[in-house]
Amino acid sequence: MGGLRGAIRARDQVQVQVRPGTAAAAVRSLRRSFAGAVLVPGDDGYDGARRPLHPVFDPRPVAVAVATGAADVRSAIVTAREHDLPVAVQATGHGTIVPSDGGVLIKTSGLTGVFVDPDRRVARAGPGALWRDVIAAAAPFGLAPLSGSAPSVGVAGYTLGGGVGWLSRRYGFAADSLLRAEVVTADGRMRTASADRHADLFWALRGGGGNFGVVTSLEFRLYPVAQVYGGTAYFPISRAADVLGHFRDRADEAPDALSIAVLLRRMPVAPDVPEPVRGRRVVAIRGLYAGDAAAAERALRPLRDVAGPALLDGFRMMGYPETGTIGGTAPLHLDLFRRLPDDVLDTLIGAIEGPAGDPPVSTVEIRHWGGAMARPRRPDPGPAGHRDVPFSVIVDARVPSLAAALRPHATGGSFLNFLSDPARTETAYTARNYRRLAEIKRRYDPANVFHRGHNIPPRTTSDLLPPAQAS
């Protein structure tokens, strides 16, 4: 099922009928203990506060609780549970995939504080902080976080979902660099999760999403990256088969400092598109090298030689804060691949070269993962990602015929940050990690309070019994 259809189905499943008296009592109770604004239907600001960033949903919570700190988060969770109301959490709104109808929506977008300790190479950020806030705070010290391609994305949701960006082949998933998290769990307790405190919860937070509590602060590593070499170079679509074949066959030879995606694109006819590629079908090399230009070009040279002369070359040295200009692809469809046979490459090229369908495919991105993501430093890394799978294919449209053609070759797995269908949450994990996450969920949220998102239901007692006893 496609992400949008799955999200709509999820909405149908979570609609809640709330007795007016229950809602009013909950709001009165919350306002007595809550320092921030409590907005209800009809209040100024309610409509703006309840909506996610992307208007797929039109959520109608009983109340929007705009938290001013961890104590407010705790108050909202406890009050909602006392009145048997669902709980939802929204910081920046990027990752909202299930509407918060009939419950209490906790807004943490105002908790934007960022602190950088340059001596320890560590940053601490509130759940409302955006990556651009952290990047700006770290850059004066020659440091960088493991942010994504879009600086406007929130730190918390990105990190809890795993977090893959241009530095991930060099340093791992963003979740791998998490050092500590302050969390309010379903019982209203404020906990510190780290390698030596609530280690099971700390493991789950490093890729398990928002299933285990509401994070009120994250502490994570920064890295000595001030300047990088990155951008996008465009070539005629006639070079696509050779470029993709070389990329597939030689990807494992790339140094960890180099992160590359090959894109197939229908460039729009628009004034802001450079004339050499305007309105053309192209194959593009997009990437970043964590180092100087000479070393970067040596690493890129084999792929460039196959691609031939560029129509337009945007690779250049830049400060890390400029990496947001490199761009990314909206992941409306994602598949993971252990290998990319010629049939898959031909199918992808055909999706771009052929006539525009309905909906049209304008961008296909083939990305190489691996590197430090596949070789985590910790002996027991968190559950983020399918670490042994080297390739992803992202398509910026949901085309059933294309998805069907790719499916026999794909692993069936996904990546939580790129997954819009809550019904497919389990596919973001290995079977072993998913079982472990469900067990940790049972310890910290046995009533499944935090279910309005990529839900991992708590493992029940019958799940733990041998099949003969569980039947």
May I ask you to decide if R60's main-chain N or O and D101's side chain share a donor-acceptor pair within less than 3.5 Å?
yes
So, R338 and D388, do they make that salt bridge, N to O below 4.0 Å?
yes
With heavy-atom distances below 4.5 Å as the criterion, would you say the side chains of S149 and R286 are in contact?
no
Is the W131-F220 ring centre distance short of 6.0 angstrom?
yes
Is the shortest distance from a Lys or Arg side-chain nitrogen in R398 or D421 to a carboxylate oxygen in the other one below 4.0 Å?
no
Is the closest side-chain heavy-atom distance between I237 and V282 below 4.5 Å?
no
R452 side chain to V89 main-chain N or O, any donor-acceptor pair under 3.5 Å?
no
Can you name the one residue among L218, L146, L205, N417 that meets side-chain contact (heavy atoms from CB on, under 4.5 Å) with T159?
L218
Note, N211 side chain near L437 side chain (heavy atom, < 4.5 Å):
no
Contact list for residues 150-174, test salt bridge (Lys or Arg N to Asp or Glu O under 4.0 Å), sequence neighbours left out:
R169-D256
Considering only NZ, NE, NH1 and NH2 on the basic side and carboxylate oxygens on the acidic side, decide whether R248 and D342 come within less than 4.0 Å.
yes
Within-4.5 Å side-chain heavy-atom neighbours: P360 and R266
no
For the pair D396 (side chain) and S362 (backbone), establish whether a donor and an acceptor sit closer than 3.5 Å, ignoring hydrogens and angles.
yes
Residues, nucleotides or ligands: over 12 heavy atoms within 6.0 Å of R301 CZ
yes
So, the side chain of T323 versus the backbone of Y320: is there a donor-acceptor pair under 3.5 Å, distance only?
yes
May I ask you to test the R121-Y223 pair for a side-chain heavy-atom distance under 4.5 Å?
no
Verify whether one side chain among N455 and N448 offers a donor that lies under 3.5 Å from an acceptor in the other.
yes
With heavy-atom distances below 4.5 Å as the criterion, would you say the side chains of E182 and V73 are in contact?
no
Any L300 side-chain heavy atom under 4.5 Å of Y289 side chain
no
Check for me whether the distance between the ring centres of F415 and F173 falls short of 6.0 Å.
yes
Do Y229 and D292 come close enough that some side-chain heavy atom pair is under 4.5 Å?
no
Just checking, is any N or O donor in the side chain of T232 or R265 under 3.5 Å from an acceptor N or O on the other one?
no
Nearest atoms (heavy-atom pairs only) where V277 meets M267
O-CB, 3.1 Å
